[in-house]
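Residue numbers begin at 1 in each chain, while the letters A, B, ... track the order of the sequences. Everything numeric here is computed off the predicted structure, so don't read it as measured data. Basis for what follows: all heavy atoms, side chains included, without hydrogens, waters or symmetry-related copies.
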Number of protein chains: 2
Amino acid sequence: MASNANSVNIESEKRGYHHGDLRSALVQAGLDLLKTRAPDAVSLREIARMAGVSATAVYRHFPDKQALLSALCDEGAEDLARLQQAAMAQAGGGRSGFDAVGRTYVRFALANPTLFRLMMTAPVDSCAPLAALGQDVLAKKILMDNIAALAPVEASQAEQRVFALRAWSIVHGLAMLMLDRQVPADDALIDAVVTSASVGVG
Amino acid sequence: MASNANSVNIESEKRGYHHGDLRSALVQAGLDLLKTRAPDAVSLREIARMAGVSATAVYRHFPDKQALLSALCDEGAEDLARLQQAAMAQAGGGRSGFDAVGRTYVRFALANPTLFRLMMTAPVDSCAPLAALGQDVLAKKILMDNIAALAPVEASQAEQRVFALRAWSIVHGLAMLMLDRQVPADDALIDAVVTSASVGVG
DNA sequence: TCGGCAATGTTTACAGCGATAACATGGCGA
DNA sequence: TCGCCATGTTATCGCTGTAAACATTGCCGA
């Protein structure tokens, strides 16, 4: 997951005043921290501590905490996109590929709850235009296009867009409900909800 | 929205050392604050300030911040349930009532973004059993049962459960995606996604 | 080779946060 | 009337994100 193959072993080497590749180290530390902490329990200071560096050093590489978190989101988005591409390829495309991508989406959310929540939760009050956001949004756009391409061919473009959005809503809603424990995180349940979703429509 | 008709005008009266009904006042202040703040920008201290009381007074009525927030969630859940009941009644039940309930769900989320997010986001790391949570979960259970009752009659119980969960996923996912600005918060779009959701199945 | 500048670390400081402990007030029943 | 106790208060703690000032070092031009 989101390995930065270069610049490993940093923590073991005795480093001098300068770190070498602190930015990558911070991102890696952040991803590690995300695995065990709740989203609002992820503190800039702890990430810095984990990277063996003072808290304010972070500000040499990110304007503020949110920027650091956004960098983590971008890593997550890349991961998710890779997984989905693989799932699609393995299923051989078509409808079964479509379902596989959906299942991958939900399973990724369950496997990386905090990261997923971070990825999908907008900076909230900031009315930033979508284009200004990180590349994860771009990844989603690509995903949307892929989904739309699987809509029934006889449908109009608007109908295809609705079809795609509904598909996204199903997996996103299911993922969120399971993350928030409103619904048991049952693998069979994922299959049931996601798979038959395409039955009634195509 | 979530009016506590009793104990109004508290802030205008000159109160003595004791408040009278601080608990209600805190809940009301919290709901007011939720209207303008992002979820993680809602601080216990500011709610207390808004109620004209010291921060630690809150602890006489709630064990911790989370408990106060849960009280806000319960108010929100009541509101949502009321709105959905009204929508169902006005639409005259049946499929159009079903759709109306779904639309109400999404519109409530858009109208009360922070409150909705608070309601639907579990205390995260706490593995609390669902039964131990606030009444909002109960409200959701009722909702689920209502939805399930509208599933195709020839379906098995398990199929009905999946049908209900998929319906919930659609509206929940759509609400979340719109809240997080992944998708434009367009009223017509809500109608399109929610309404035709029942077309392919029943 | 040397001097200095820019990049990138550090320490210090501040205001706001949730939470605890100790203290103050005052309503109400014995 | 007295005293209990529910419900307020202030003081304090450790944590947070962030800004400002200072320290160190790699690198580039003279």
Atom-pair distance ([atom1] on [X]; [atom2] on [N]), nearest Å:
{"X": "B:Asp21", "N": "D:dA6", "atom1": "CG", "atom2": "C1'", "value": "14 Å"}
{"X": "B:Leu22", "N": "C:dT25", "atom1": "CG", "atom2": "P", "value": "19 Å"}
{"X": "B:Arg60", "N": "D:dC5", "atom1": "CZ", "atom2": "P", "value": "14 Å"}
{"X": "B:Met50", "N": "C:dC17", "atom1": "CE", "atom2": "P", "value": "11 Å"}
{"X": "B:Leu68", "N": "C:dC17", "atom1": "CG", "atom2": "P", "value": "14 Å"}

Partner set under salt bridge (Lys or Arg N to Asp or Glu O under 4.0 Å) for B:Asp64, not counting sequence neighbours
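In terms of salt bridge (Lys or Arg N to Asp or Glu O under 4.0 Å), with neighbours along the sequence ignored, B:Asp64 is linked to no residue.
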N/O donor-acceptor pair under 3.5 Å between A:Thr195 side chain and A:Ala192 backbone
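No: the side chain of A:Thr195 does not pair with the backbone of A:Ala192.
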Please round to the nearest 0.5 Å and tell me the distance separating atom [atom1] of [X] and atom [atom2] of [Y].
{"X": "A:Asn112", "Y": "A:Arg117", "atom1": "CG", "atom2": "CZ", "value": "12.5 Å"}
{"X": "B:Met120", "Y": "B:Leu80", "atom1": "CE", "atom2": "CG", "value": "6.0 Å"}
{"X": "A:Thr121", "Y": "A:Phe116", "atom1": "OG1", "atom2": "CZ", "value": "9.0 Å"}

For every nucleotide of nucleotides 15-20 of chain D, 5' to 3': is a protein heavy atom under 4.0 Å from its base (B), only from its sugar-phosphate (S), or from neither (-)?
-BBBBB
Just to confirm, is there a sub-4.0 Å distance from OP1 or OP2 of D:dG8 to any side-chain nitrogen or oxygen of B:His61?
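Looking at the OP1 and OP2 atoms of D:dG8, one of them is under 4.0 Å from a side-chain N or O of B:His61.
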Looking at residues at least two apart in the chain, or sitting in another chain, which of them share a side chain to side chain donor-acceptor pair (under 3.5 Å) with A:Glu46?
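For A:Glu46, the residues satisfying side chain to side chain donor-acceptor pair (under 3.5 Å) (neighbours in sequence not counted) are A:Arg37.
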